Amino acid sequence: AQSVTQPDIHITVSEGASLELRCNYSYGATPYLFWYVQSPGQGLQLLLKYFSGDTLVQGIKGFEAEFKRSQSSFNLRKPSVHWSDAAEYFCAVAPDSSYKLIFGSGTRLLVRP
Amino acid sequence: DSGVTQTPKHLITATGQRVTLRCSPRSGDLSVYWYQQSLDQGLQFLIQYYNGEERAKGNILERFSAQQFPDLHSELNLSSLELGDSALYFCASSVMVGGDTQYFGPGTRLTVL
């Protein structure tokens with residue numbers, strides 16, 4: 001069955017430090033890959049997406065993600081975290097010919113001042 | 001602001017009751033998706049409509065139903081409500097039927113007492 005794993009439930013980083021959030025998926029082919037962010041009491045905002053092409057994708061708010069086919073991973077990175085980045089981050093996949101998004105369980109990011 | 005609107009923002013009701021959640025997709029989007037976010041199940045796909053027709057079903061209970069109207073807005077009907085139906089219900093929309101970026105609304109928080 002298709003699945004998405006975000007192994008870190010919580011991550012705490014200091015403001016200004018770098019960040020990497022992990023995401024692994026289980027699917028036969030290369031799915032469409034997404035990262036969404038959810039701030040408290042808010043909906044889901046799309047950070048970035050990968051459909052094909054360059055495996056390093058740039059998103060909003062200074063985020064980037066790298067697709068690694070050999071590792072079935074799509075990790076999210078940011079070189080310098082801001083306090084406003086504190087939120088919950090969801091990795092999601094959409095199988096190539098499918099319709100639904102399959103979400104990981106999310107990683108809650110806490111930022112230390 | 002994603003351009004997807006959902007009403008109401010909050011809904012409090014009692015067990016056994018029926019409620020209707022409403023979603024208006026982004027201008028030009030033909031697909032509407034419904035997701036449920038709960039503490040125990042995470043984010044789960046419920047159902048998708050494309051241009052008025054049901055296209056896919058996920059983990060949607062028989063007590064739940066949805067429809068998409070000619071003006072493309074959608075309604076999710078939840079009946080015989082149980083305590084476990086308390087959750088955040090998101091609507092998302094996209095241009096195409098699948099394999100496309102989904103933009104999420106702010107959600108409707110349902111509390112069943």
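Please read all numbers here as calculations on a predicted model, not as lab measurements. Chain A is the first sequence line, chain B the second, and so forth, proteins listed ahead of strands; every chain is numbered from 1.
- Heavy atoms of B/Gln41 lying under 4.5 Å from chain A are absent altogether.
- With a 4.5 angstrom heavy-atom cutoff, B/Leu88 touches chain A only via side-chain atoms.
- Following chains of ILVMFWY side-chain contacts shorter than 4.5 Å, one can reach A/Leu47 starting from A/Val4, so the two form part of one hydrophobic cluster.
- Residues B/Leu78 and B/Val112 are members of one and the same hydrophobic cluster, defined by side-chain heavy-atom contacts under 4.5 angstrom among Ile, Leu, Val, Met, Phe, Trp and Tyr.
- Expressed to the nearest 0.5 Å, how far CD of B/Gln102 lies from NZ of A/Lys49 amounts to 11.5 Å.
- B/Leu46 is connected to B/Leu81 through a chain of hydrophobic side-chain contacts under 4.5 Å among Ile, Leu, Val, Met, Phe, Trp and Tyr, so both are in one cluster.
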Next item on the list: For B/Phe45 and A/Ile102, run side-chain contact (heavy atoms from CB on, under 4.5 Å): C-alpha distance rounded to whole Å, both residues' side-chain angles, the deciding distance at 0.1 Å, then the answer.
Entry: CA-CA 7 Å; B/Phe45 168 75; A/Ile102 301 171; over 6 Å; no
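- The neighbour count for B/Leu113 CG, taken as heavy atoms of other residues, nucleotides or ligands under 6.0 Å away, is above 12.
- From A/Phe90, atom CZ reaches atom CZ of B/Phe104 across 10.0 Å, with rounding to the nearest 0.5 Å.
- When the heavy atoms of residues 65-74 of chain B are compared with those of chain A, none of the residues falls under 4.5 Å.
- Within residues 63-75 of chain A, no residue approaches chain B closer than 4.5 Å by heavy atoms.
- Other residues, nucleotides and ligands contribute at most 12 non-hydrogen atoms within 6.0 Å of the CD atom of B/Glu53.
- Note on B/Trp34 and B/Phe90: separate hydrophobic clusters, where clusters join Ile, Leu, Val, Met, Phe, Trp and Tyr whose side-chain heavy atoms are under 4.5 Å apart, directly or indirectly.
- In this structure, B/Arg109 places its CZ atom where only 12 or fewer heavy-atom neighbours from other residues, nucleotides or ligands lie under 6.0 Å away.
- Note on A/Ile11 and A/Tyr89: same hydrophobic cluster, where clusters join Ile, Leu, Val, Met, Phe, Trp and Tyr whose side-chain heavy atoms are under 4.5 Å apart, directly or indirectly.
- Separation of atoms CD (A/Gln38) and CG (B/Leu43) is listed at 6.5 Å; rounding is to 0.5 Å.
- Interface remark: of the candidates B/Ser2, B/Ala56, B/Gly58, B/Gly42, B/Ala56 forms the most heavy-atom pairs closer than 4.5 Å to chain A.
- Heavy-atom distances place no part of A/Gln45 under 4.5 Å from chain B, backbone and side chain included.
- Annotation for A/Ile9: hydrophobic cluster partners, listed by chain and number, are none (ILVMFWY side-chain heavy atoms under 4.5 Å, direct or chained).
- At least one donor-acceptor pair under 3.5 Å links the side chain of B/Tyr35 to the backbone N or O of A/Leu101.
- Near-neighbour residues of residues 10-19 of chain B relative to chain A, defined by a heavy atom under 4.5 Å from a heavy atom of that chain, are none.
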